[in-house]
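Okay, so here's the structure we're looking at.
Keep in mind the model is a prediction, meaning the values are calculated, not measured. Both backbone and side-chain heavy atoms feed into the values below; hydrogens, waters and symmetry mates do not. One is the number of the first residue; the rest follow in order along the sequence.
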Amino acid sequence: MNDFLHLCQLRASVRSFLPQLPSDEALAYVCECVRMAPSAVNCQPWHVFLVKSPELLAKLHVAYPRDWFATAPAVFVLCKDEVLQWVRPGDSHPHGDIDLAIATEHLCLAAAEQGLGTCWVCNFDIPLCREALGLGETLTPVAMVPVGYPGADFTDTGRRRKRMEEILTEC
């Protein structure tokens, strides 16, 4: 059963990875899905880093020093371009974070479809991440997403979701 709801149910926050790097084909598929993500006014205000280098992975681990994070064989770092993001004229609200959230979820769902595990990481040291990747002033890291095959100790304990009546109002 390969439908969208099943894919959404399959995606989970994985915090344990096997050391094996995902195949180039699987990673290319995930990257293409990110590239196809929609954005406000089609500005596509992102730049994505796929970090596989052990030296750079170690630097990212310093920016997010969790033991489980260090088990990931690769990490995507999704950055927003402050210059390219669309700003809503009515209230000057920038949409870069929204656009990056859409792209990040495309990444996570595509990875799940490929049998890979991911986990959104947003609570990391932005200056350390920026320094590790040598980012210029206009790129801001928004999310780091470790990716790999789920570790043998990974168990999907299920995700508590609110009941439909708690989140939906039909008018």
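Within a 6.0 Å sphere centred on CD of E137, heavy atoms belonging to other residues, nucleotides or ligands number 12 at most. Atom CD of E131 has 12 or fewer heavy atoms from other residues, nucleotides or ligands within 6.0 Å.
A 4.5 Å side-chain heavy-atom check between H93 and V87 finds every atom pair outside the cut-off. Inter-residue side-chain proximity for V75 and V145 is flagged as unmet; no heavy-atom pair is nearer than 4.5 Å. The shortest side-chain heavy-atom distance between V51 and L133 falls under the 4.5 Å cut-off. With contacts defined as side-chain heavy-atom distances shorter than 4.5 Å, the pair H61/L56 does not qualify. Considering only heavy atoms from C-beta on, I102 stays 4.5 Å or farther from S39 through its side chain. L60 places a side-chain heavy atom less than 4.5 Å from the side chain of F69. Between P73 and P19, the closest side-chain pair of non-hydrogen atoms is not below 4.5 Å. At least one side-chain heavy atom of F76 sits less than 4.5 Å from a side-chain heavy atom of V147.
Judged by distance alone, the side chain of E32 and the main-chain N or O of Y29 form no donor-acceptor pair under 3.5 Å. Counting only distance, with no hydrogens or angles, the side chain of R130 and the backbone of L139 share a donor-acceptor pair below 3.5 Å.
There is no path of hydrophobic side-chain contacts, each under 4.5 Å, that joins L57 to L128. Tracing side-chain contacts under 4.5 Å through hydrophobic residues (I, L, V, M, F, W, Y), one reaches V34 starting from V142; they form part of the same cluster. Criterion: ILVMFWY side-chain heavy atoms under 4.5 Å apart, direct or through other members. Under it, F124 and V14 are part of a common hydrophobic cluster. A chain of hydrophobic side-chain contacts below 4.5 Å, direct or via other Ile, Leu, Val, Met, Phe, Trp or Tyr residues, connects V30 to W46.
Nearest heavy atom pair, residue A143 against residue C122, reads CB-SG, 4.3 Å. Of all non-hydrogen atoms in H106 and C33, the two that sit nearest each other are CD2-O, 3.2 Å. Taking all atoms of both residues into account, the shortest heavy-atom contact from S53 to E55 is OG-OE1, 3.0 Å. Between L10 and A112 the shortest heavy-atom distance is CD2-O, 3.6 Å. The shortest non-hydrogen separation linking G117 to F17 is O-CE2, 3.4 Å. Shown here for A111 and T118, the closest heavy-atom pair between the two residues is CB-CG2, 3.5 Å.
With rounding to the nearest 0.5 angstrom, the CG atom of D81 is 10.0 Å from the CG atom of L100. Taken to the nearest 0.5 Å, the NZ atom of K162 stands 8.5 Å off from the CD1 atom of I167. L107 CG to C31 SG: the interatomic distance, rounded to the nearest 0.5 Å, is 7.5 Å. Within the model, atoms NE2 of H6 and CZ of R11 stand 13.5 Å from one another, a figure rounded to the nearest 0.5 Å.
Salt bridge annotation for D99-K80: absent, with no cationic side-chain nitrogen under 4.0 angstrom from a carboxylate oxygen.
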Does the pair S16 and W68 meet the rule for a side chain to side chain contact (heavy atoms under 4.5 Å, CB included), with working shown? CA-CA 6 Å; S16 171; W68 70 265; 5.9 Å; no
Stepwise side chain to side chain contact (heavy atoms under 4.5 Å, CB included) test for M144 and C129: CA-CA 9 Å; M144 292 197 296; C129 181; 4.1 Å; yes
E105 vs W120, side-chain hydrogen bond (donor to acceptor under 3.5 Å, both in side chains): CA-CA, chis, key distance, verdict: CA-CA 9 Å; E105 190 58 10; W120 282 60; 3.2 Å; yes
Side chain to side chain contact (heavy atoms under 4.5 Å, CB included) between V48 and V77, intermediate numbers included: CA-CA 6 Å; V48 180; V77 180; over 6 Å; no
Under the ring-ring contact (aromatic ring centres under 6.0 Å, His included) criterion, do H47 and F49 qualify, and how do the steps go? CA-CA 7 Å; H47 190 87; F49 293 85; 4.8 Å; yes
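Both tests pass for R66 against the ring of Y64: distance under 6.0 Å to the centre and angle within 45° of the axis.
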